[in-house]
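Chain A is the first sequence line, chain B the second, and so forth, proteins listed ahead of strands; every chain is numbered from 1. Small disclaimer: the values here were computed from a predicted structure and weren't measured.
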2 protein chains.
Amino acid sequence: MTRPRLFDEATVLGDAMNAFRRAGFAGISIKDLSDATGLTSGSIYNAFGDKEGLYRAAFGHYIDAVIRHRIETYIGEASDLDGLEQLFLSLLLPAPESGDLGCLLTNAAVEFGAQPSVASEGLAEGFAVLEAAIRQVVERQIGGGQVDLHVVRLLLLYQGILVLIRAGRDVSACPAVIRSEFEQLRKLLP
Amino acid sequence: MTRPRLFDEATVLGDAMNAFRRAGFAGISIKDLSDATGLTSGSIYNAFGDKEGLYRAAFGHYIDAVIRHRIETYIGEASDLDGLEQLFLSLLLPAPESGDLGCLLTNAAVEFGAQPSVASEGLAEGFAVLEAAIRQVVERQIGGGQVDLHVVRLLLLYQGILVLIRAGRDVSACPAVIRSEFEQLRKLLP
DNA sequence: CTCATTCTAGAATGATCATTTTACATTGGG
DNA sequence: CCCAATGTAAAATGATCATTCTAGAATGAG
């Protein structure tokens with residue numbers, strides 16, 4: 001019945017995702033997205049409904065392929081502070097979170113803000129996934145009444161790093177900031 | 001010779017600035033800007049050349065009227081850690097840096113990234129002003145070989161706060177994070 | 001007062017936008 | 001092998017975009 005796509009959905013979503021990361025939603029046209037994905041505009045509309053549908057699909061793909069993947073890579077099941085620290089340090093590796101792409105979660109948060117928008121669902125899910133991963137490690141490793149404080153502190157650090165990378169600022173001091181942040185947390189280990 | 005503007009330039013730039021803060025550059029049209037400022041599109045083009053000219057002027061206005069003003073208010077001449085801490089805490093006050101506006105510096109950094117753009121000059125100046133203000137206090141009060149580290153740490157915190165506010169996330173734990181950050185710095189006071 | 005100058009207003013223009021339509025290609029079931 | 005279903009392609013459409021044009025209003029110098 002349902003015949004398979006003639007295009008590879010993961011590849012197309014990856015291309016669209018990176019295009020949106022580079023230019024945002026308002027800053028890119030269907031023609032640009034057509035060039036980026038190799039699909040004609042007709043195929044895009046057939047497959048995703050409209051530009052918003054493609055954005056939603058690309059955002060979902062980003063949460064799975066980038067955020068969840070990163071969390072599984074660095075935290076996985078044996079979650080400890082070292083893994084979380086490595087996750088933060090990995091943000092500073094040249095690719096693929098480099099400045100000319102940017103984090104779609106951060107970019108969407110800034111582009112759309114808190115008002116209801118095409119990004120609302122993705123933002124809610126993305127922040128929930130990220131915060132849950134951080135909280136899981138902090139709660140298990142440190143616990144206590146200050147868990148919320150540590151989680152927010154790390155979330156602030158995470159978003160701050162992505163903004164500075166995106167802006168092309170000098171981030172050579174960031175690894176030292178991350179290390180000192182986690183050193184501080186390790187002092188609280190039971 | 002040069003006759004005065006019939007409109008109040010500061011008011012118009014303030015309105016345009018807030019419109020850009022809400023919607024970004026790509027996300028707003030000349031018609032929207034015309035509605036926001038009360039100027040017709042003809043007057044906008046006459047006064048500012050084009051949409052990019054108005055954006056540049058609004059960005060410059062933001063740097064002066066918001067960033068420099070905030071720095072002068074909280075740091076001024078008698079710069080100490082308490083003043084800098086108050087500056088950070090002031091970001092969390094409901095108005096005027098509230099989420100539905102956002103910080104034009106952060107928003108522009110995320111929208112345009114590091115590539116040359118209409119925002120490049122404003123971004124360079126805005127980050128320079130902000131970083132210099134932080135560095136001045138840290139250097140004078142604490143000094144030592146870790147100044148860069150402290151400056152970047154505070155810059156990360158600053159940008160992280162603005163992203164979370166913009167995203168409408170729960171920032172109720174942020175004041176405690178700021179206080180603990182500055183408590184840590186005060187331990188380094190000579 | 002008057003005129004050259006500068007500003008403003010609003011309609012006009014061509015480009016680009018998202019989207020739809022139309023025609024065609026590809027596919028697997030009968 | 002053929003056909004109904006679905007995917008793709010590319011041109012067409014109307015809306016909206018940034019920008020310009022044209023006409024008229026406000027201003028200060030002489």
Side-chain angles (χ1 to χ4, degrees), chain A residues 1-59 61 108 111-112 115-120 122, chain B residues 1-59 61 108 111-112 115-120 122:
Chain A
M1 294 294 184
T2 60
R3 297 190 302 97
R5 285 256 153 75
L6 297 192
F7 62 82
D8 182 68
E9 183 158 352
T11 304
V12 164
L13 284 183
D15 290 342
M17 174 189 88
N18 285 341
F20 281 125
R21 288 168 73 183
R22 253 184 240 106
F25 179 81
I28 199 164
S29 68
I30 290 286
K31 184 188 173 327
D32 295 332
L33 289 163
S34 171
D35 292 346
T37 58
L39 263 52
T40 60
S41 66
S43 297
I44 290 175
Y45 278 88
N46 180 67
F48 300 102
D50 57 12
K51 188 184 173 187
E52 299 203 347
L54 178 56
Y55 185 82
R56 273 185 260 260
F59 205 156
H61 183 73
E111 177 167 8
F112 295 100
Q115 264 70 41
S117 73
V118 61
S120 297
Chain B
M1 294 294 185
T2 59
R3 299 188 300 98
R5 285 258 152 74
L6 297 193
F7 61 82
D8 181 68
E9 183 159 351
T11 303
V12 164
L13 284 182
D15 290 341
M17 175 188 87
N18 286 340
F20 282 124
R21 288 169 73 184
R22 255 185 241 104
F25 179 81
I28 199 164
S29 68
I30 290 286
K31 184 190 172 328
D32 295 332
L33 290 163
S34 170
D35 293 346
T37 59
L39 263 52
T40 60
S41 65
S43 297
I44 290 176
Y45 278 87
N46 181 69
F48 300 101
D50 56 12
K51 188 183 174 187
E52 299 203 347
L54 177 56
Y55 186 81
R56 272 185 261 262
F59 205 156
H61 183 73
E111 176 168 11
F112 294 100
Q115 264 69 41
S117 74
V118 62
S120 296

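OP1 and OP2 of dG10(C) both lie 4.0 Å or more from every side-chain N or O belonging to Thr40(B).
As rounded to whole Å, 15 Å separates atom C1' of dT16(C) from atom CG of Leu33(A). In this structure, Asn46(A) atom CG and dC24(C) atom P are separated by 18 Å, rounded to whole Å. The nearest whole Å value for the distance from the CD1 atom in Ile44(A) to the C1' atom in dG7(D) is 14 Å. In this structure, Asp35(A) atom CG and dT16(C) atom P are separated by 13 Å, rounded to whole Å. Following rounding to the nearest Å, Phe48(B) (CZ) and dA18(D) (P) show an atom-to-atom distance of 16 Å. Phe25(A) has its CZ atom 10 Å from the C1' atom of dA18(C), to the nearest Å.
Here Asp35(B) pairs with Lys31(B) under the side-chain contact (heavy atoms from CB on, under 4.5 Å) rule; sequence neighbours left out. For Ala57(A), the side-chain contact (heavy atoms from CB on, under 4.5 Å) partners at least two apart in sequence or on another chain are Leu13(A), Phe48(A).
Looking at heavy-atom distances under 4.0 Å, Ile28(A) makes contact with sugar-phosphate atoms alone, never a base.
Using cut-offs of 30° and 60° for the angle between ring planes, the Phe25(B) and Phe20(B) rings count as parallel.
With rounding to the nearest 0.5 Å, the separation of CG in Leu33(B) from CD1 in Ile44(B) is 5.5 Å. Atoms CZ and OG, on Phe59(B) and Ser120(B) in that order, are 9.5 Å from each other to the nearest 0.5 Å.
Heavy atoms only, all atoms of each residue included: Ile30(B) and Lys51(B) are closest at CD1-CB, 3.8 Å.
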List, with names and distances, any nitrogen or oxygen atoms from the protein found under 3.5 Å away from nitrogen or oxygen atoms belonging to nucleotides 19-23 of chain D.
residue, atom, partner, partner atom, Å
dT19(D), OP2, Tyr45(B), OH, 2.7
dT19(D), OP2, Lys51(B), N, 3.1
dT19(D), O5', Tyr45(B), OH, 3.2

